Amino acid sequence: MIRAMSNDASPPALTADDHLILVDGSTFIFRAYHALPPLTRKSDGLPVGAVSGFCNMLWKLLTEGLTPEKGDEPTHFAVIFDHSSKTFRSDIYPAYKAQRPEPPEDLIPQFGLIRTATRAFNVACIEQEGFEADDLIATYARQAAEMGARVTIVSGDKDLMQLIGPRVGMIDTMKNKIIGEPEVFEKFGVGPDKVIEVQSLAGDSVDNVPGVPGIGLKTAAQLILEFGDLETLLANAHTIKQTKRRENLIEFAEQARISKQLVTLKTDVPVLIPVTDLAVEPVNGPQAVGFLKAMQFTTLTRRVADATGAEVANIEPSEFEIAGWHTPDAKGRQMERGDAAASVDLPDASASPRSTATPADVPAGLMTARALAEARQDEARSLKIDHAAYETVRDLDRLKAWVAEATEAGLVAFDTETTSLDAMQANLVGVSLATRPGRACYVPLGHVDGEGDLLGGGGLVPGQIPLREALDVLKPLLEDAGVLKIGQNLKYDYLLMLRYGVAIGPLDDTMLLSYALDAGKGGNGMDELSERWLGHAPISFKDVAGSGKSMITFDKVAIDKATAYAAEDADVTLRLWRVLKPRLASEAMTTVYETLERPMVPVLARMERRGISIDRQMLSRLSGDFAQGMAAVEADIYALAGETFNIGSPKQLGDILFGKMGLPGGKKTKTGAWSTSVSVLDDLAAEGHELPVRIVEWRQLAKLKSTYTDALPGFINPETRRVHTSYSLAATTTGRLSSSEPNLQNIPVRTEAGRKIRKAFVADKGRKLISADYSQIELRVLAHIADIPQLKTAFADGLDIHAMTASEMFGVPVKDMDPMVRRRAKAINFGIIYGISAFGLAAQLGISRGEAGDYIKMYFQRFPGIRDYMEAVKREVHDKGYVTTIFGRKAHYPDVNTSNPSMRAFFERAAINAPIQGSAADILRRAMVRMEGALAAAGSTAEMLLQVHDELIFEVAEDGVDRAIPVIRQVMETACEPSLRLTVPLQVDARAADTWDEAH
DNA sequence: CCTGCCCCATA
DNA sequence: GTATGGGGCAGGA
């Protein structure tokens, strides 16, 4: 099959019209294995996932080249493999690639199969003793390029990037990504010609290339850019300023040289098969089809047969032996199933399923509630999970039967499977339902064929109900007021289903139940809750979809695996609900859950769905401005430091400031490194040093650029053209929300440069943004909780609270007060909220600990109620393990009684802060829950978009501003009522403008 | 590729 | 001194 041996007439040399494709077979196998669904098996169990990916790629490259356009097809083609692990490199450095782990067991048979596949397609299959595939590729690439031909290397291996040049390109078919000079630069920080220099410094722990300790890619690139190459650098190593680095470069110079030898690919391998012999030959249809048939790759078999005119029906599957493979013991597998089945027989835990949903079932008296809660906890641990008992719902009749069952039961656990964690971009792949423990199903709706997935997707897998028809049956159930929908983190499913025209309700969320009951005791994710309450570890998402780069989307997961995973989620959710829901009554947390948690789900889902517009052009301009600013500052920094270094590396910066320049640094971080935080740099600046000032400037620009102006545009949803954050309802111990992807709760505001970013958050044309924020809400809450007369009076009279504090403490009049005095009082006020310590206050104000301690003493003398409050909270948290907000939310600190004094003090401060921060958070939640209804009732079309802890952002048509603002203020200022009468007024400032910056 | 660390943006 | 999320770097799988 290899035609290289027929050398009677030597084939013509390659020309500029030729195109040589070199496939790196060895790394392909590993990468395909990890990228593809974990278990793609032929009917007899032979694992063929990597082979399938390989054949699809091979066929596509052979017939189309890199792109479907004509004229791109290869004229020459070879697949290159490693021959054995021993190469000239292991002679230079025995450790080289010595720690390679054994390949996974199910991958072993595929090594031989891929070589067989290559030959089946009539493609040259090349390996040579003593040389790695990379060296052969390097040699062929050089030879072909010298003849003027175009070369494409098919690999994702970074070691091959050194070969890239004008005629030599690279493509990573796993990622569908072309790798050219820009990509190399992105990865190594230098062009292809300097890649080996960088690699010899940075090393590579995967291949055991040692490099120089302490030098990573970033630093290596910087050194090479400065010195040009390794030898020049080593010759000038003594001039390197950073002590540790200089020493390492000198000490490990030889190691760097060895590394360079290891990473430099040989371009002069005496190849046994000349490059001219790699000319493409036509695929032998029957031969290729025979192999593909044996592999049971139906789609590709058909495709190749069509293209070659081979008759599939008339071709027998090829027979061949496969090393490392034997048919598994069918009996053994049977046994395994039998064992699992033995535990299937679930007793029907709820004789009357419907009863669990009706309020009548929840006993009125606390003692009975506790008895029920305890019984449920025992039950949960005794009931086992059986994946084999779950049903895959494949037709409309079965789905209708499940809907009927759920309707009859009056409750159903519901979960969606999708293609993305982002509910605004996810497509529905399937839903699962559970009606009682052990009784669950999965309804696949959008699973696709995974076979053609390397260079293009497959079609819908048969045996699935059409999405539209399924939704028509599910919608009435999901919106049925008589059926409780139970989910885990239902905001996700709610938002997703909203996009499919379904508004889920009524609902219960196990994550929020857990959060209301146990905030602070641990996570509220399903896996963790399942472990905690059911003693069961559910199938992990990783097990069905993989992780990292090789992760597949759920629509590519095989339906039987998907059923086990998805139905289990619904089952587990239902079981968790049965444990957690009765605890609400028995622990008197029902009101918290029903007023502060559950109603937030639809409110936040709608906010997230609305999103906010950002001005992409403005951010792009800002990015450019920041980059320019950084470059200018950078030049100053290098001049001041007398050398270049990586400013973004705190380690290197510390070496420069405190090592080389010998500045008095003092502070170390907890790992013993020099601290280079702003406070340290500011101290240095105060002593007249210029460099720290510049560093702080650079840091600010770098932060704004990377975190905001560069990152935010990537979050613009292509469909809505807006940015949709995701709020977490259960991420904090105190009751605050958190925002992520992107985090819109930390958009800059304090500096001028930062506020420019806020200007990029804009109202759509003809509309305005309204920002409404509570003034001093936490201090007001403190005044209320701790019952401090002076503070309450000051708020009632609308005074400047910090000035008043200063006046009380230092006995100075508010009128014409020294700003410094007010600043101190302000810092103390904030310190109180944070559970003040003399240490912290001293750091904040830049005064001595003793002085700070005196301030605190003075404060407590003037406001003894604050000290009493703090002492009371400490007693409470030590006594009960939790503290509560004004609305009854609990924040747990299970480790507060630790014997470690500093840990203990930390938990005490957190416990002091929690009722203050948490009560303010509760107030915000109450306002948010009421807001939409109040606006609608007042005839306002204003839409609530964002929450930032004490601020709400709305968008409304220009002519709707005046109607909206009074409603917003009213709702926010009266948010506590009627449950609670605060003894201080709440004050809300609201403003409308075109941008967030101006509205704020 | 993942994790810990450091630093920093907000309230 | 409280509460978060996230970016860049370096080291170890």
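Since the model is a prediction, treat every value here as computed from it, not as a measurement. Lettering follows sequence order; numbering is per chain, from 1.
Within 4.0 Å of A:I747, counting heavy atoms only, lie sugar-phosphate atoms of the nucleic acid but no base atom.
A search for side-chain hydrogen bond (donor to acceptor under 3.5 Å, both in side chains) contacts involving A:H1000 returns A:E951, not counting sequence neighbours. Legend: residues meeting ring-ring contact (aromatic ring centres under 6.0 Å, His included) with A:Y859, ordered by chain and number and at least two apart, are A:F863. Taking the side-chain contact (heavy atoms from CB on, under 4.5 Å) definition, one finds that A:D527 meets it with A:P538, sequence neighbours left out. Annotation: ring-ring contact (aromatic ring centres under 6.0 Å, His included) contacts of A:Y708 (sequence neighbours excluded): none. Annotation: ring-ring contact (aromatic ring centres under 6.0 Å, His included) contacts of A:Y855 (sequence neighbours excluded): A:F810. Residues that satisfy the side-chain hydrogen bond (donor to acceptor under 3.5 Å, both in side chains) test with A:S740, not counting sequence neighbours, are absent from this structure. Partners of A:Y882 according to the side-chain hydrogen bond (donor to acceptor under 3.5 Å, both in side chains) rule, which considers only residues two or more places apart in sequence or in another chain, do not exist here. Here A:E597 pairs with A:R889, A:R925 under the side-chain hydrogen bond (donor to acceptor under 3.5 Å, both in side chains) rule; sequence neighbours left out.
No donor-acceptor pair under 3.5 Å is formed between the side chain of A:E908 and the backbone N or O of A:V896.
Taking atom CD on A:Q745 and atom P on B:dA11, their separation rounds to 10 Å, with Å as the unit. Whole-Å rounding puts the A:D997 CG to B:dT10 C1' distance at 15 Å.
Applying the 4.0 Å criterion to OP1 and OP2 of B:dT10, one finds that A:R758 has every side-chain N and O outside that range. A sub-4.0 Å separation between OP1 or OP2 of B:dT10 and a side-chain N or O of A:R750 is present.
Note that the first and last nucleotides of DNA chain C, 5' to 3', having any atom under 4.0 angstrom from a heavy atom of chain A are C:dG1 to C:dA13.
Under 3.5 Å, the side chain of A:R736 and the base of B:dA11 form at least one donor-acceptor pair of N or O atoms.
Residues from residues 824-832 of chain A that place a heavy atom under 4.0 Å from any atom of DNA chain C, listed by number: A:A827, A:G831.
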- Note on the structure: 5' to 3', nucleotides 2-8 of chain B under a 4.0 Å protein heavy-atom cut-off (B base, S sugar-phosphate only, - none) gives S--SSSB
Determine all donor-acceptor pairs shorter than 3.5 Å in which one atom belongs to a side chain in residues 911-919 of chain A; sequence neighbours excluded.
residue	atom	partner	partner atom	Å
A:N913	OD1	A:Q917	NE2	3.2
A:N913	ND2	A:I833	O	2.9
A:Q917	OE1	A:T734	OG1	2.7
A:S919	OG	A:I886	N	3.1
A:S919	OG	A:P915	O	2.5

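The two atoms that bring A:I847 and A:E851 nearest to each other are CB-OE1, 3.6 Å, heavy atoms only.
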